[in-house]
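Proteins come first, then strands; the chains are lettered A, B, ... in the order of their sequence lines, and each starts at number 1.
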Protein chains: 2
Amino acid sequence: MTDETAPRATTARRVGIADVAARAGVSVGTVSKALNGSGRLRDETRARVRAVADELGFTPISVARSLLAGRTFTVGIITTDSYGRFGIPVMRGAEDSLAAGEMIAFLCDGRDDPIREQHHLGKLLERRVDGIIVAGRRTDPRRPIGADLPVPVVYAFAPSSDPADCSVVSDERGAAQLAVEHLVKTGRRRIAHITGPQSHASANERAAGLADALAAHDLELVGDPYFGSWTEAWGRFAAAQLLRTHEDVDGVFCGSDVIARGVTDGLREAGLSLPTQVGVVGVDNWGLVAEAARPPLTTVDLGLEEIGRLSAELLLDAINGHAQPGVHVVPGHLVVRES
Amino acid sequence: MTDETAPRATTARRVGIADVAARAGVSVGTVSKALNGSGRLRDETRARVRAVADELGFTPISVARSLLAGRTFTVGIITTDSYGRFGIPVMRGAEDSLAAGEMIAFLCDGRDDPIREQHHLGKLLERRVDGIIVAGRRTDPRRPIGADLPVPVVYAFAPSSDPADCSVVSDERGAAQLAVEHLVKTGRRRIAHITGPQSHASANERAAGLADALAAHDLELVGDPYFGSWTEAWGRFAAAQLLRTHEDVDGVFCGSDVIARGVTDGLREAGLSLPTQVGVVGVDNWGLVAEAARPPLTTVDLGLEEIGRLSAELLLDAINGHAQPGVHVVPGHLVVRES
DNA sequence: AGTACGAATGTGAGCGTTCACATTTTGCCT
DNA sequence: AGGCAAAATGTGAACGCTCACATTCGTACT
């Protein structure tokens, strides 16, 4: 028993591979092999070294390893929406996949400002991240974050405008189709559409998907799509407007849960009973909104976490040399509640 | 002009300090000095080296620097609420302060699972983060994440149960006081309280703060506090309940915006006109909820971003050897809307 | 007993920086 | 012109680890 045992007051401080080697009576190379399971070593030695490492609370400094390996086992996530409604689930999904690959993520908030974004990009490259995920907040294609970067990039939710980049997006048209199928299955035939501003790609695509899906059932949209804003107030207003000209409507597909909540309130306040007289379907599956609506909203979940997961997986693949460029579409699914 | 200029197809790849030195015709040490602005160097040399570095697109590999410096200029943020309502603003604030200190954050989602949390802690320590921020989602004190860790830790929002740790929390009692002041100033005298479950520290503290603030104005709470859940449904239900026994109530302080929204709906549906007959104040300043309520909610903003900012600043201080243990309280502020 | 060969372990270079110190250059004074 | 100090630059070690290769050890075969 050496005097080493006595005064180790501080935990996990400054224990290097050399300390372990000395204590175990072997060389540093042997310790490295023992701990990484590489090379040829007697089982007894391996076990002894491991035991000593545990005892000393040794953790290898990954930074030293990175320097040698030429990679850092980190990725950067740049989000444009300050960790908002869309970025968060994507991030969560991405973190899931990354953890599985022993990677960890740096987080940067771009705040939708190209200058900030470039600044963060520079910082990330300086830290030699192995790859970058760019998470957007709108489905409209965005300018690539940089040309000819030294690391792979995956665009999540908001695809890159360059089709040669790797992007993962939600299935906007499919969402409309799921909604229509549900409405039709529950007996609705006179279906209207209340959605966000026409300047948003998602509003247009959902509207287009809706038209197609209705056509497939030999149905026609009731009135024109009501384009407005992504707010409850607009949903309420549009619902009232809709009833004025089309009082026989029996289903409404809404561009988002927030709008749908406004629509349910508008319809209810106009004296209709839900879901008996009118069925309402939203998009987003935003728990807080969907569950607080009266009645709780049936809605299309766009699979944002899955987008995050797939983005991270594609990024890991690209880092390992198997890039899969192009646009990858993640299907959504219907969450049936009472509306 | 050497032949170097011609075929540099790939950008920013593998340019080391040695390349810059060679091209500039100086030694690596000189390049280091020139780029870091340290040591004594002729201005001309400094400028020339800088120019060459730019031309070659040289960025120092921070990992090499870290190895030498013994620190990584990174911190870890462990959040317990999967980037939810409370964690997000805190993170955003923290990122702000960190960026100012040339630091960057690793993000880990603990999912309120101690096992996951410990696992992430291990990963962070392995990467030799310079410090850790633990962001909670409830104001109840939490068990410290580890004892005798080799790096400083700051607890944000959810304080550590060990008072010797450094925690940054919101001013729960102050929030109640701000609410009362607003209600009284707008002429309310008969004030009730509808809030979340009694098992949450924040519900209790806000209720206690409310009692104190009312007493300071020689007022008494109308009825007992209505403890329930943090939901709209509870708010609606409790509002109806309240009117049944105390129809002369003219102000309600709600434990959260979500509850407040339910309360406004409940009061309105009972035939009262807001804000004429009853004033309502919430807590959280959750834009989506507060703005969608009818009328838009006056509410107390707990200053979550500021909590994040201060947490990061305290952490940076601690990293620099100026730890400031104890509980730091961040004041909130009132956001006046129409309710 | 001597050799040879495979298994186990040791050794040292090197990853890309920074820093302390050694060395060279410059400018100035006598 | 010679000498000297200060300014400018070069040099090499070090950070903590991994890897390729060198060395040692043990065992079985001739």
How many whole angstroms separate atom [atom1] of [X] from atom [atom2] of [N]?
X      : N      : atom1 : atom2 : result
B:N36  : C:dT17 : CG    : P     : 11 Å
A:R128 : C:dC15 : CZ    : C1'   : 13 Å
B:L41  : C:dT24 : CG    : C1'   : 14 Å
B:K33  : C:dT23 : NZ    : P     : 15 Å
A:D43  : C:dA7  : CG    : P     : 14 Å
A:L35  : D:dC19 : CG    : P     : 13 Å
A:L67  : C:dG14 : CG    : C1'   : 9 Å
B:I17  : C:dC19 : CD1   : P     : 11 Å

When you compare the side chain of B:T72 with that of A:V63, does any pair of heavy atoms fall below 4.5 Å? yes

Take A:R46 and B:L68, find for each the nucleotide of DNA chain C with the closest heavy atom, and name the residue whose nucleotide sits nearer the 5' end. A:R46

Closest-nucleotide 5' rank along DNA chain C - winner of B:P60 and A:E44: A:E44

Here the pair of heavy atoms bringing B:P60 nearest to A:R128 is O-NH1, 4.3 Å

Let me test you: for the helix from C:dA1-D:dT30 to C:dT30-D:dA1, what is the angle between the axes at its two ends (five pairs each), rounded to 10 degrees? 70°

Tell me what [X] touches on the nucleic acid: a base, only sugar-phosphate, or nothing, going by heavy atoms under 4.0 Å.
X     : value
A:G16 : sugar-phosphate
A:T45 : sugar-phosphate
A:R42 : sugar-phosphate
B:V63 : nothing
B:R40 : base

B:D19: what forms a side chain to side chain donor-acceptor pair (under 3.5 Å) with it, not counting sequence neighbours? none

Of the listed D:dC17, C:dT18, C:dG16, the closest approach to the A:A64 side chain comes from D:dC17

Which nucleotide in the list D:dC17, C:dG16, C:dT9 gets nearest to the side chain of B:I61? C:dG16

Report yes or no: does A:E95 contribute a side-chain atom to a donor-acceptor pair with the main-chain N or O of B:D109 at less than 3.5 Å? yes

Strictly below 4.0 Å: does A:S27 bring a side-chain N or O up to OP1 or OP2 of C:dT9? no

OP1 or OP2 of D:dT9 less than 4.0 angstrom from a side-chain nitrogen or oxygen of B:T30, does that happen here? no

OG1 of A:T79 to CZ of A:F86, rounded to nearest 0.5 Å, is 11.5 Å

Other residues, nucleotides and ligands only: do more than 12 of their heavy atoms fall within 6.0 Å of CZ on B:R40? no

Ion pair present between B:R142 and B:D162, side-chain N to carboxylate O less than 4.0 angstrom? no

Go through the structure and list residues passing side-chain contact (heavy atoms from CB on, under 4.5 Å) with B:S161, not counting sequence neighbours. B:P141, B:P144

